[in-house]
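The block underneath contains the structure these notes are about, expressed in structure tokens.
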Amino acid sequence: MTIDEQFNAIKRGTLEIVPEAALKEKLKKAQDEGRPLKIKLGLDPTAPHIHLGLAVVLRKMRQFQDFGHEVIIIIGDFTASIGDPSGKSITRPQLTEEEIKINAKTYYDQCCMILDPDKTKVVFNGQWLGELMFADVIRIVSKITVARILERDDFATRLAEGRPISMHELLYPICQAYDSVFLESDVEVGGTDQKFNILMGRDLQTHYGQAEQVGLFMPILTGLDGVQKMSKSLNNYVGITEPPKDMFGKLMSISDEMMPTYFELCTDVPMDEVESIRKELADGKLHPMDIKKRLAREIVAIYHSVEAANEAQAEFERVFSHHEIPEDMPELKLSAEDIQDGKLWIIKLLTMAGMTPSNSEARRLVQQGGVTIDGEKISDPSANIEVKDGQVIKAGKLKFARIRL
RNA sequence: GGGGGGAUGCCCGAGUGGUUAAAGGGGGCAGACUGUAAAUCUGUUAGCAAUGCUUACACAGGUUCAAAUCCUGUUCCCCCCA
């Protein structure tokens with residue numbers, strides 16, 4: 001592959017490369033000198049389940065690896081004790097050392113589903129940030145002005161709205177920037193929410209006489225709700241370790257408008273094909289549902305297999321298109337003492353099956369007509385159900401359970 | 001160091017002694033409609049075998065027949081002056 005071809009492949013899906021010319025030069029220089037570029041990614045070890053949003057960034061890193069470069073993942077164990085204020089309006093809770101270790105391990109395992117483990121180095125920024133003396137910190141911090149830090153939108157907004165900003169939060173971007181200095185990174189990849197931090201790395205590297213890293217910004221993937229960014233806490237995510245069936249189902253629930261974006265950022269479908277899909281969707285030549293199934297299959301195949309993707313689709317069609325019951329579902333084992341005269345209160349049944357978190361919730365669900373047993377609607381919250389082995393309870397659209405005696 | 005303002009349910013936010021499990025909005029959930037879409041409409045959104053009971057308006061006490069609402073102390077936050 002020529003440098004231009006590499007560059008264009010890398011450019012796919014990116015929102016911005018700062019600056020583009022520098023990336024091309026670095027790629028060329030690396031090739032000429034036979035020296036891999038250091039591609040840096042900082043991970044905040046708070047949420048140990050990687051979802052498609054983060055996968056967008058990781059997949060970009062993987063591309064660099066395929067071109068022979070080295071990925072360095074920084075587990076921000078030190079910075080996690082600060083809590084990155086990026087896009088957050090509140091200060092994050094602090095993690096214990098133990099939690100960070102466990103999360104980092106989980107992160108690494110999951111990253112390897114996307115990255116090439118042989119070209120991936122994992123480091124903890126506590127290794128160097130934790131070693132700094134206060135005098136060192138002062139020296140680093142003195143290179144950055146308050147005005148420069150306050151340029152950051154998040155800080156500016158909070159300041160203007162009278163919400164609190166702690167001193168240690170102001171130090172966060174500088175810590176991240178110092179990571180780049182310490183590692184002498186060539187490229188830092190991140191979501192657009194990382195823009196300030198990554199550009200700060202460029203600033204600081206200059207102060208240390210280093211070549212500035214290139215900032216490569218990926219869009220923030222919108223979550224399943226179609227509004228907010230994909231995140232675990234908003235429960236609008238697809239985890240890369242989720243079973244094929246769940247992945248498929250979740251992906252089918254995205255809105256039509258998001259499909260092209262998902263194709264671009266989450267699959268390897270060539271861009272000209274994505275473009276033609278976009279066009280044909282707009283012209284009404286393609287049925288959105290068929291394309292969405294294709295999208296779901298493509299993504300499931302990346303994290304599982306083509307066969308698993310096909311099975312997931314078959315299951316989806318069985319349950320939702322033909323309204324049949326799923327092939328397998330959780331089972332609820334009932335013992336003799338749970339049952340009186342062969343009967344069990346519907347509310348108890350739902351809560352025991354873990355389908356509702358409380359009896360009150362179960363009561364509501366029944367009253368709203370969301371519960372069926374073997375296809376028969378139960379709408380009386382005081383109903384006693386004659387339980388039989390193999391009965392299927394359905395609560396809401398998605399939850400099924402089979403009774404076992 | 002001085003002065004002022006604030007903390008309400010998942011989130012935002014109204015409420016300044018008694019029909020307040022707490023208006024309104026957002027989000028979630030369910031139902032209708034569908035393509036499990038999206039949009040829209042309707043209902044619902046503390047717990048409890050339940051025409052009632054228990055818990056709940058930062059935390060701990062107090063006043064009162066009655067407190068989110070009044071008083072005292074504590075914690076946290078914001079603004080202004082220095």
Side-chain angles (χ1 to χ4, degrees), chain A residues 85 87-91 93-94 155 157-167 169 222-238 242 244-262 281-282 284 286-297 300 312-326 329 338-341 343-352 354-372 377-385 393-400:
Chain A
K88 300 274 166 184
S89 48
I90 47 163
T91 307
Q94 306 204 344
F155 291 144
T157 309
R158 281 158 71 185
L159 199 60
E161 290 179 0
R163 281 180 287 133
I165 304 170
S166 300
M167 279 303 292
E169 291 183 281
T222 305
L224 300 175
D225 57 12
V227 182
Q228 309 233 57
K229 73 169 189 174
M230 185 173 281
S231 88
K232 187 160 190 293
S233 56
L234 295 170
N235 198 29
N236 62 356
Y237 70 100
V238 179
E242 289 192 61
K245 188 169 90 161
D246 295 350
M247 261 192 189
F248 196 97
K250 282 186 175 185
L251 287 164
M252 286 303 288
S253 78
I254 67 169
S255 69
D256 296 351
E257 297 71 53
M258 293 203 286
M259 288 199 283
T261 307
Y262 271 60
L281 274 174
L286 291 170
H287 193 292
M289 188 173 63
D290 294 330
I291 295 303
K292 209 174 283 176
K293 281 178 183 171
R294 158 99 190 270
L295 172 68
R297 252 185 294 129
V300 172
Q313 178 167 344
E315 173 82 358
F316 176 84
E317 286 165 357
R318 176 163 52 239
V319 178
F320 297 107
S321 305
H322 308 305
H323 300 288
E324 289 167 28
I325 58 171
M329 62 180 95
D338 297 326
I339 306 164
Q340 289 187 335
D341 303 329
K343 290 186 172 182
L344 186 57
W345 185 35
I346 181 67
I347 302 303
K348 201 106 215 156
L349 195 57
L350 288 166
T351 309
M352 279 175 75
M355 298 170 110
T356 48
S358 70
N359 285 5
S360 298
E361 188 66 41
R363 198 177 280 271
R364 255 171 246 137
L365 199 61
V366 170
Q367 278 165 349
Q368 296 185 121
V371 177
T372 62
K377 187 175 280 189
I378 310 292
S379 48
D380 175 11
S382 61
N384 281 299
I385 302 303
I393 320 168
K394 185 181 182 197
K397 268 179 287 202
L398 303 172
K399 287 180 221 158
F400 292 87

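First the proteins, then the strands, lettered A, B, ... as listed; each starts at 1.
Applying the ring pair (Phe, Tyr, Trp, His ring centres under 6.0 Å) rule to A:Phe400 yields no partners; only residues at least two apart in sequence or on another chain are considered. Looking at residues two or more places apart in sequence or on another chain, you find a ring pair (Phe, Tyr, Trp, His ring centres under 6.0 Å) between A:Phe248 and A:Phe316.
B:rU40 and B:rA7 have their P atoms separated by 33 Å, with the value rounded to a whole Å. Distance check on atom C1': B:rU69 versus B:rG15 gives 8 Å, rounded to whole Å. Spacing between B:rA32 and B:rA46 at atom P, rounded to whole Å, works out to 23 Å. Remark: the separation of the P atoms in B:rG1 and B:rU74 is 15 Å, to the nearest Å. Comparing the P positions of B:rU72 and B:rC79 gives an interatomic distance of 26 Å, to the nearest angstrom. Comparing the P positions of B:rG26 and B:rG18 gives a spacing of 29 Å, expressed to the nearest Å. The C1' atoms of B:rU19 and B:rG35 are separated by 48 Å, rounded to the nearest whole Å. Taking atom C1' in both B:rC71 and B:rU64, one finds a spacing of 12 Å when rounded to whole Å.
For the pair A:Lys250 and A:Tyr237, the distance from NZ or CZ to the six-membered ring centre is under 6.0 Å and the angle to the ring normal is within 45 degrees.
To the nearest 0.5 Å, the span separating CE on A:Met258 from CG on A:Asp225 amounts to 7.0 Å. Taken to the nearest 0.5 Å, the CD atom of A:Glu315 stands 5.0 Å off from the NZ atom of A:Lys245. Between atom NZ of residue A:Lys292 and atom CG of residue A:Leu251 there is a gap of 10.0 Å, rounded to the nearest 0.5 Å. Distance CG/A:Leu286 to CD1/A:Ile291: 4.5 Å, rounded to 0.5 Å. Note that the CG atom of A:Asn384 and the CG atom of A:Leu344 stand 7.5 Å from one another [nearest 0.5 Å]. Between the CD1 atom in A:Ile393 and the NZ atom in A:Lys399 there is a gap of 12.0 Å [rounded to 0.5 Å].
Across all strands, A:Lys250 comes closer than 4.0 Å to base atoms (heavy-atom distances). Counting any heavy atom pair closer than 4.0 Å across all strands shown, A:Gly226 reaches no nucleic acid atom. Within the 4.0 angstrom heavy-atom criterion, base atoms lie near A:Leu398.
The backbone N or O of A:Ser166 lies less than 3.5 Å from a partner atom in the side chain of A:Glu169, making a donor-acceptor pair. A:Asn236 places a side-chain N or O within donor-acceptor distance of the main-chain N or O of A:Lys229, the cut-off being under 3.5 Å. Between the A:His322 side chain and the A:Glu324 main chain, no donor and acceptor come within less than 3.5 Å of each other. Proximity of a side-chain donor or acceptor of A:Asp341 to a complementary backbone N or O of A:Lys343 within less than 3.5 Å is not detected.
Along RNA chain B, the nucleotide nearest A:Lys292 and the nucleotide nearest A:Ser255 are compared for position; the residue whose nucleotide lies closer to the 5' end is A:Lys292. Residue whose closest nucleotide on RNA chain B sits further toward the 5' end, between A:Leu365 and A:Glu257: A:Leu365.
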Please tabulate the protein-to-nucleotide N/O contacts below 3.5 Å involving nucleotides 44-49 of chain B, giving atom names and distances.
unit_1	atom_1	unit_2	atom_2	d
B:rU44	O4'	A:Gln368	OE1	3.2
B:rG47	OP1	A:Ser358	OG	2.8
B:rG47	OP2	A:Arg364	NH2	2.6
B:rC48	OP1	A:Asn359	N	3.1
B:rC48	OP2	A:Asn359	N	3.1
B:rC48	OP2	A:Ser360	N	2.6
B:rC48	OP2	A:Ser360	OG	2.8
B:rA49	OP2	A:Asn359	ND2	2.6

With 3.5 Å as the limit, what N/O pairs link the protein to nucleotides 55-58 of chain B?
none

In B/S/- notation (B base, S sugar-phosphate only, - none; protein heavy atoms under 4.0 Å), nucleotides 75-82 of chain B written 5' to 3' is --SS----
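Put simply, CG on A:Asn235 is 15 Å from C1' on B:rC11, counting in whole angstrom units. Taking atom CG on A:Asn236 and atom P on B:rG27, their separation rounds to 13 Å, with Å as the unit. Per the geometry, CG belonging to A:Leu295 stands 15 Å off P belonging to B:rA38, to the nearest Å. Atom CG of A:Leu286 and atom P of B:rG35 are 17 Å apart (whole Å). Taking atom CD1 of A:Ile254 as the reference point, atom P of B:rG35 lies 17 Å away to the nearest angstrom. For the pair A:Ile346 CD1 and B:rA50 P, the computed distance is 18 Å after rounding to whole Å. Atoms CD (A:Gln228) and P (B:rC10) sit 18 Å apart, rounded to a whole Å. In this entry the distance linking NZ of A:Lys397 with P of B:rC33 reads 12 Å, nearest Å.
Looking at A:Asp225, its side chain has no donor and acceptor atom pair within 3.5 Å of the base of B:rG27.
You'll find the side chain of A:Tyr262 stays beyond 4.5 Å of the side chain of A:Val238, heavy atoms only. In this structure, the side chains of A:Leu281 and A:Asp256 stay at 4.5 Å or more apart for every pair of heavy atoms.
Pairing analysis of RNA chain B (Watson-Crick: purine N1 to pyrimidine N3 plus N6-O4 or O6-N4; G-U wobble: N1-O2 and O6-N3; both under 3.5 Å) yields stems of 3 or more pairs at B:1-7 with B:75-81, B:10-12 with B:24-26, B:27-32 with B:40-45, B:46-48 with B:52-54, B:58-62 with B:70-74.
More than 12 heavy atoms of other residues, nucleotides or ligands sit less than 6.0 Å from atom CG of A:Asp380.
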